[in-house]
Each structure stands twice: as structure tokens, then as C-alpha cells.
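Accompanying notes for the structure given below.
Keep in mind the model is a prediction, meaning the values are calculated, not measured. Every chain is numbered from 1 and lettered A, B, ... according to where its sequence line falls, protein lines coming before strand lines.
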Amino acid sequence: MARSDEAAAFFHAVYSAVQEIPHGKVTSYGHIAKLVGTPQRPRQVGVCLKHLPSDTAARFNHANVPWQRVINAKGVISPRSQPSGTLNQAAALEAEGVVVTAGALGELSVDLGEFGWFPRLLPSEEAAGLVPQDSDDDEDEDDE
DNA sequence: TCTCTGACTATAA
DNA sequence: CTTATAGCCAGAG
């Protein structure tokens with residue numbers, strides 16, 4: 001039963017990490033996987049979100065976990081079995097102020113704008129110098 | 001118990 | 001740029 005216990009811990013960690021994503025921003029499955037200490041299991045992160053209960057009475061549910069803010073590393077909403085779910089996620093993101101562009105192939109690309117990513121991009125992206133990296137020490141935050 | 005699938009990603013060609 | 005491949009491992013049948 002230790003296995004199930006570990007699995008529960010993993011689910012818990014994933015949901016907690018997703019809750020850390022600020023409003024109006026997104027991150028990738030891989031990033032969540034790294035946050036929970038298992039950078040090689042981005043797929044399982046997807047499994048966790050798929051199993052995210054809709055019951056609002058549950059500790060983690062569709063209402064308190066911003067599952068919609070999790071997309072794939074390509075900056076696109078991962079297409080899953082049910083296209084309706086993808087569209088649903090796109091709608092949810094739009095509602096949060098995130099701009100989603102529909103590609104010719106029906107792929108829903110998230111417009112990161114300057115930088116809509118939560119903490120930062122993957123190491124590869126960092127090395128590429130694509131990180132905005134707030135210049136200066138001027139710290140300012142505005143939230144509605 | 002085995003097999004197949006999948007809300008992923010990095011790397012190679 | 002696109003396509004193929006190899007890891008990863010939790011569910012569902």
C-alpha cells in the first residue's frame with residue numbers, strides 16, 4: 001500500500017504546485033514535475049490533472065486548482081482525447097485574461113506576450129536568454 | 001498479471 | 001522547420 005501512499009503524495013504535491021501559479025499566468029507540465037521533484041514524469045502530472053475531482057468538497061478540485069493554467073512546453077494547450085476539454089481550457093484561460101490563438105490545425109496556442117509563464121521557462125530557454133529577467137531591482141506588482 | 005494508452009519532454013536526424 | 005525515438009509510469013480493460 002506504500003505505492004498508493006506515494007501516489008497520493010505525488011497527487012498532493014502536483015495540485016499544490018499548480019495552485020502556486022499566479023492568476024493570468026501559465027506554466028508547463030514539465031515545470032510542475034520539476035517542482036514536485038520528479039522532472040522526468042511530466043506525463044504523470046497530466047494524469048493528476050485528469051483525475052482532478054470535480055467535487056468541490058474534495059481537498060483538491062476543479063474549483064480550487066487552476067488546472068487550466070497548465071499547458072505543454074510548446075506553449076500550446078495539450079490536445080487530449082476530448083476536444084471539448086481543450087476548448088474548455090482555452091475558454092477558462094481567456095476568462096483569466098490570457099490570450100489564446102487558434103492555429104490552422106486547430107491547435108490552441110497560448111499567447112505568452114512578453115512573458116506569461118509562471119516562474120520561468122525550461123533550462124534550455126533560460127540558456128537561450130529568452131528569460132525576461134526583470135531588469136533592475138525595481139520591484140513593482142500590480143494585481144486586480 | 002499483462003498490455004496498451006496517454007492533459008509530456010528532450011534529443012536526434 | 002518537421003518527424004522519429006526513447007524514457008516515464010499511473011489508469012483502464
Side-chain angles (χ1 to χ4, degrees), chain A residues 1-135 139 141-144:
Chain A
M1 47 202 321
R3 293 291 179 178
S4 45
D5 196 41
E6 289 179 29
F10 181 77
F11 272 61
H12 181 111
V14 169
Y15 294 143
S16 297
V18 173
Q19 289 180 321
E20 298 291 315
I21 306 174
H23 175 91
K25 294 195 176 183
V26 297
T27 193
S28 65
Y29 297 93
H31 194 133
I32 298 298
K34 275 204 279 194
L35 290 179
V36 301
T38 56
Q40 312 221 177
R41 295 165 215 168
R43 273 191 132 164
Q44 275 29 311
V45 174
V47 173
C48 291
L49 295 179
K50 183 159 71 173
H51 283 255
L52 184 62
S54 52
D55 180 7
T56 54
R59 167 134 78 159
F60 296 107
N61 57 70
H62 253 253
N64 62 24
V65 178
W67 58 275
Q68 51 205 36
R69 297 176 192 157
V70 183
I71 62 179
N72 64 26
K74 293 185 281 294
V76 178
I77 297 176
S78 297
R80 67 253 182 221
S81 323
Q82 292 296 306
S84 55
T86 310
L87 295 174
N88 184 24
Q89 181 172 3
L93 285 175
E94 289 273 344
E96 304 219 337
V98 178
V99 179
V100 179
T101 305
L105 300 178
E107 57 188 52
L108 299 172
S109 309
V110 175
D111 183 356
L112 303 175
E114 285 306 301
F115 233 67
W117 292 95
F118 164 33
R120 59 196 54 186
L121 290 179
L122 302 173
S124 323
E125 310 281 30
E126 280 190 68
L130 297 178
V131 180
Q133 206 60 268
D134 283 70
S135 52
E139 180 92 18
E141 57 243 50
D142 65 315
D143 206 302
E144 59 281 353

Determine, stepwise, if the pair A:His23 / A:Glu96 fulfils side chain to side chain contact (heavy atoms under 4.5 Å, CB included).
CA-CA 7 Å; A:His23 175 91; A:Glu96 304 219 337; 3.7 Å; yes

Positions of residues 46-69 of chain A (non-hydrogen atom under 4.0 Å from DNA chain C), listed by number:
A:His51

Starting at atom [atom1] of [X], determine the distance to atom [atom2] of [N], rounded to an integer number of angstrom.
X        : N      : atom1 : atom2 : value
A:Leu105 : C:dC1  : CG    : C1'   : 14 Å
A:Phe11  : C:dA10 : CZ    : P     : 9 Å
A:Glu107 : B:dA7  : CD    : C1'   : 16 Å
A:Leu87  : B:dA7  : CG    : P     : 14 Å
A:Arg41  : B:dA7  : CZ    : C1'   : 18 Å
A:Phe10  : C:dC9  : CZ    : P     : 10 Å
A:Ile32  : B:dT9  : CD1   : C1'   : 15 Å
A:Ile77  : B:dG6  : CD1   : P     : 19 Å

Work out how far the P atom of C:dG7 is from that of B:dA7, and round it to whole angstrom.
22 Å

Can you check the distance between C:dC8 and B:dG6, where both ends of the measurement are the C1' atom (answer in whole Å)?
11 Å

Could you check whether the side chain of A:Gln44 and the base of C:dC9 have a donor-acceptor pair of N or O atoms closer than 3.5 Å, going by distance alone?
yes

Ring geometry between A:Trp67 and A:His62 (parallel below 30°, tilted from 30 to 60°, perpendicular above 60°)
tilted

Would you say a side-chain N or O of A:Arg43 is under 4.0 Å from OP1 or OP2 of C:dC8?
no

Hey, is the side chain of A:Ser81 poking within less than 4.0 Å of OP1 or OP2 on B:dA7, counting only N and O atoms?
yes

A:Ile77 and its side-chain contact (heavy atoms from CB on, under 4.5 Å) partner, picked from A:Val70, A:Leu87, A:Leu93, A:Asn72
A:Leu93

Which is true for A:Pro79 with a 4.0 Å heavy-atom rule: it touches a base, it touches only sugar-phosphate, or it touches nothing?
sugar-phosphate

Electrostatic pair A:Glu107:A:Lys74 at N-O distance under 4.0 angstrom
no

Answer whether the closest heavy-atom distance between the side chains of A:Leu49 and A:Tyr29 falls below 4.5 Å.
yes

Could you state the interatomic distance from CG (A:Leu108) to CD (A:Gln89), rounded to the nearest 0.5 Å?
8.5 Å

How far does CZ of A:Arg59 sit from OH of A:Tyr15, to the nearest 0.5 angstrom?
12.0 Å

